[in-house]
2 protein chains.
Amino acid sequence: MNHSQPPMMTLFRLAVFGSVACFAVCFCSISNAADPLPSWNDGPAKKAILEFVAAVTDENGKDYVKPAERIATFDNDGTLWVEQPIYTQITFIFDRVKELAPQHPEWKTTQPFKALLEGDMKTVAASGEKGILQMAMATHAGMTADEFTAIASNWIKTAKHPRFKRLYTECVYQPQLELMSYLRASGFQVFIVSGGGIEFMRPWTAEVYGIPPAQVVGSSIVTEFQIKDGKPVLVRQPKINFVDDKAGKPVGIYQHIGQRPLLAFGNSDSDMQMIQYTKAGDGLRLGLFVHHSDAEREYAYDRKSHVGTLDKVLDMAADNDWIIVDMKRDWTAVFPEK
Amino acid sequence: MNHSQPPMMTLFRLAVFGSVACFAVCFCSISNAADPLPSWNDGPAKKAILEFVAAVTDENGKDYVKPAERIATFDNDGTLWVEQPIYTQITFIFDRVKELAPQHPEWKTTQPFKALLEGDMKTVAASGEKGILQMAMATHAGMTADEFTAIASNWIKTAKHPRFKRLYTECVYQPQLELMSYLRASGFQVFIVSGGGIEFMRPWTAEVYGIPPAQVVGSSIVTEFQIKDGKPVLVRQPKINFVDDKAGKPVGIYQHIGQRPLLAFGNSDSDMQMIQYTKAGDGLRLGLFVHHSDAEREYAYDRKSHVGTLDKVLDMAADNDWIIVDMKRDWTAVFPEK
């Protein structure tokens, strides 16, 4: 019977189990405190990030960089959130065309609108960049800046990814959310530098990524200031203003941020120039690419993909000291828990 | 004789003077703590600013605005620093032309370079905007981004204002330095929105105004990313990219900041659209203009001035609830003490 055990034994058990429990609790909390990137597996990518941040924030080290110069830039599509099977903004364009169709009877006989409205996606795809641009202008221009913000905000609140059945804003990468928080906690200013539309992103990046509108760099259309019915408004025009992609990315960074990044993160050949520009700066710099290698949890694509082509970068990475982050190997989780 | 005075009298004197001294010290420090704008005279402008900031930062008030939405924009020339007798950047252009002349023998026979090199300022002035633009392109383009930053940085370190014999960066307005500090302390993000060249300002705004490069919006020329001798560089092209003036200012704000300002401060008709856009937002907004009314301490100019014309604004201010800050009346000091 229990109560017949010598009191000393009971005390001993209590002591042992108590210690173990305490040790476990302490170990966990120490481990959490010590690891700012819990969704990153130990490996060369995580090691490179941790060592880089430690070096540039060590006031007594030779690689120290003042907080004012700690700029980090992230591509968005495929780097911070899912870009397959098609860019989210393309889905937005398609949804908007369908919603606006009743006000545009001419679309029933005009390509590529006709094909889209009839669900003929082959013809839509065949219309290529020109077709997409036509639909982009029809859905992104002609309204005021405030009206477009409301349209984009409302769409993103309910639109879901076709495969993951989650809001697009929940198809963001958990390891990257951790990395951006870690960088901010280490005195970095984090910017998005995306080929996507700047005004499509700004309504939600603060809430989803912690990145305020002024820290979003992207492609844009021309906007005009007008006094309309006595009220000053900005009216969006159907004309490209700036394409923040490929060689446009370092230019966008120069125009918008005015400082060379210390760290830049992309996922495709379109991000190569941003990483080249970043790495060409003085002192320690870090350039990284997500390699989508995980068909099970997300997607597997690289050299031959039309969306997010990663080809030249894979050939050039080793010689240029670019870090390839392998999604399957390096990330313990892909999306945030719901 | 002194030492024959009764000790009581000495004690009394000590007590009285001691108290006065203490009172003076205490009063000063209380007064400083209570007044975030010591170089602003009490009056309608200062009152409007203090009441506005109190209202938008009062969490229990009906006009409360979250810190993330507290955006303030300031014009630069004539609003934050002296713009007379000519814009500082024009002086920079002239100095650069003179310095580069030995490498450009063709300038000896090409206007307006010839006139400038001969000191014939009438002919230079007669060349108008076109002539200035020609000289701007000759001095602002053709080099890398980093090279231009170094050129602008070096110039601003030694260039002095012809009348005040101070560095241009010391010809900034003390009351505005106080206002920007006060706004930042009240949770605002402060941006420059200037018609001047963005890359001419960025090298020194952090040190002089506390405004980092990414918070400077301005006019720009086209820049191209190139790989030159194996090195990635940004090369400045002799072609206008964006004119951040008049109706361009709200557009620049939209493109660059992505949020409508809560407070905007200018000094000329060129700032009118920025203020109109600001005031057209929901809730409480503040729009202000410096009126240069102080020929003695700075300059007096408005409707007829070629630099910083303030004409329409003066007619429209009352109806539109724009605050006119009268330099002579509203500012106790103009420049910082050296």
Side-chain angles (χ1 to χ4, degrees), chain A residues 67-69 71 144-146 148-149 189 191 198-199 201-203 205-207 212-218 220-227 230-237 241-242 246-260 272-282, chain B residues 67-69 71 144-146 148-149 189 191 198-199 201-203 205-207 212-218 220-227 230-237 241-242 246-260 272-282:
Chain A
E69 287 164 18
I71 304 290
T144 67
D146 289 347
F148 183 76
T149 298
Q189 262 200 295
F191 290 78
I198 191 166
E199 296 307 338
M201 294 180 278
R202 280 175 164 167
T205 56
E207 201 183 319
Q215 283 164 229
V216 179
V217 184
S220 59
I221 59 177
V222 170
T223 304
E224 267 180 29
F225 178 78
Q226 298 174 2
I227 306 279
K231 211 177 136 60
V233 286
L234 292 170
V235 183
R236 293 168 60 85
Q237 308 294 318
N241 175 60
F242 181 67
K246 300 187 177 77
K249 288 205 173 191
V251 173
I253 290 169
Y254 179 56
Q255 288 178 356
H256 197 112
I257 306 174
Q259 289 177 281
R260 194 190 296 255
M272 193 172 73
Q273 291 87 344
M274 171 169 79
I275 308 292
Q276 287 176 316
Y277 176 62
T278 299
K279 295 280 290 182
D282 294 334
Chain B
E69 287 162 18
I71 304 290
T144 68
D146 289 347
F148 183 76
T149 298
Q189 262 200 294
F191 291 77
I198 191 166
E199 297 306 338
M201 294 180 278
R202 279 176 164 166
T205 56
E207 200 183 318
Q215 283 165 226
V216 179
V217 185
S220 58
I221 59 175
V222 170
T223 304
E224 269 180 26
F225 177 79
Q226 299 173 2
I227 307 279
K231 211 177 136 63
V233 287
L234 292 169
V235 182
R236 295 170 59 87
Q237 307 296 317
N241 174 60
F242 182 68
K246 301 188 178 75
K249 288 206 174 191
V251 173
I253 290 169
Y254 179 56
Q255 287 178 355
H256 196 112
I257 306 175
Q259 288 177 281
R260 195 190 294 257
M272 193 172 72
Q273 291 88 342
M274 170 168 80
I275 308 291
Q276 287 176 316
Y277 175 62
T278 299
K279 295 282 289 181
D282 295 334

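Numbers restart at 1 for each chain; the letters A, B, ... are given by sequence-line order, proteins then strands.
Counting heavy-atom pairs under 4.5 Å between each of B:Lys279, B:Arg236, B:Lys246 and chain A puts B:Arg236 at the top. The candidate from A:Tyr277, A:Phe225, A:Phe242 with the greatest count of non-hydrogen atom pairs under 4.5 Å with chain B is A:Phe225. Of the listed residues (A:Gly248, A:Ser220, A:Ala145), the one with the most heavy-atom contacts under 4.5 Å to chain B is A:Ala145. When B:Ala206, B:Ala247, B:Pro213 are compared by the number of non-hydrogen pairs under 4.5 Å with chain A, B:Pro213 comes out ahead.
Shown here for A:Gln259 and A:Ile71, the closest heavy-atom pair between the two residues is OE1-CD1, 3.5 Å. In terms of heavy atoms, B:Arg202 sits closest to B:Val216 at NH2-O, 3.6 Å. A:Gln255 and B:Asn241 make their closest contact through NE2-ND2, 3.4 Å (heavy atoms, listed as atom of the first residue, atom of the second, distance). In this structure, B:Ala214 and A:Phe191 approach most closely via the heavy-atom pair CB-CZ, 3.9 Å. Residues A:Lys231 and B:Ala280 approach most closely at NZ-O, 3.9 Å, considering heavy atoms.
Of the two parts of A:Pro212, neither the backbone nor the side chain holds a non-hydrogen atom closer than 4.5 Å to a non-hydrogen atom of chain B. Proximity to chain B (any heavy atom under 4.5 Å) is restricted, for A:Ile227, to the side chain, taken from C-beta onward. Neither the backbone nor the side chain of B:Ala68 comes within less than 4.5 Å of any heavy atom of chain A. Using a 4.5 Å cut-off between heavy atoms, A:Gln226 does not touch chain B at all.
Aromatic ring pairs are classed by plane angle as parallel below 30°, tilted from 30° to 60° and perpendicular above 60°; the pair B:His256 and A:His256 is parallel.
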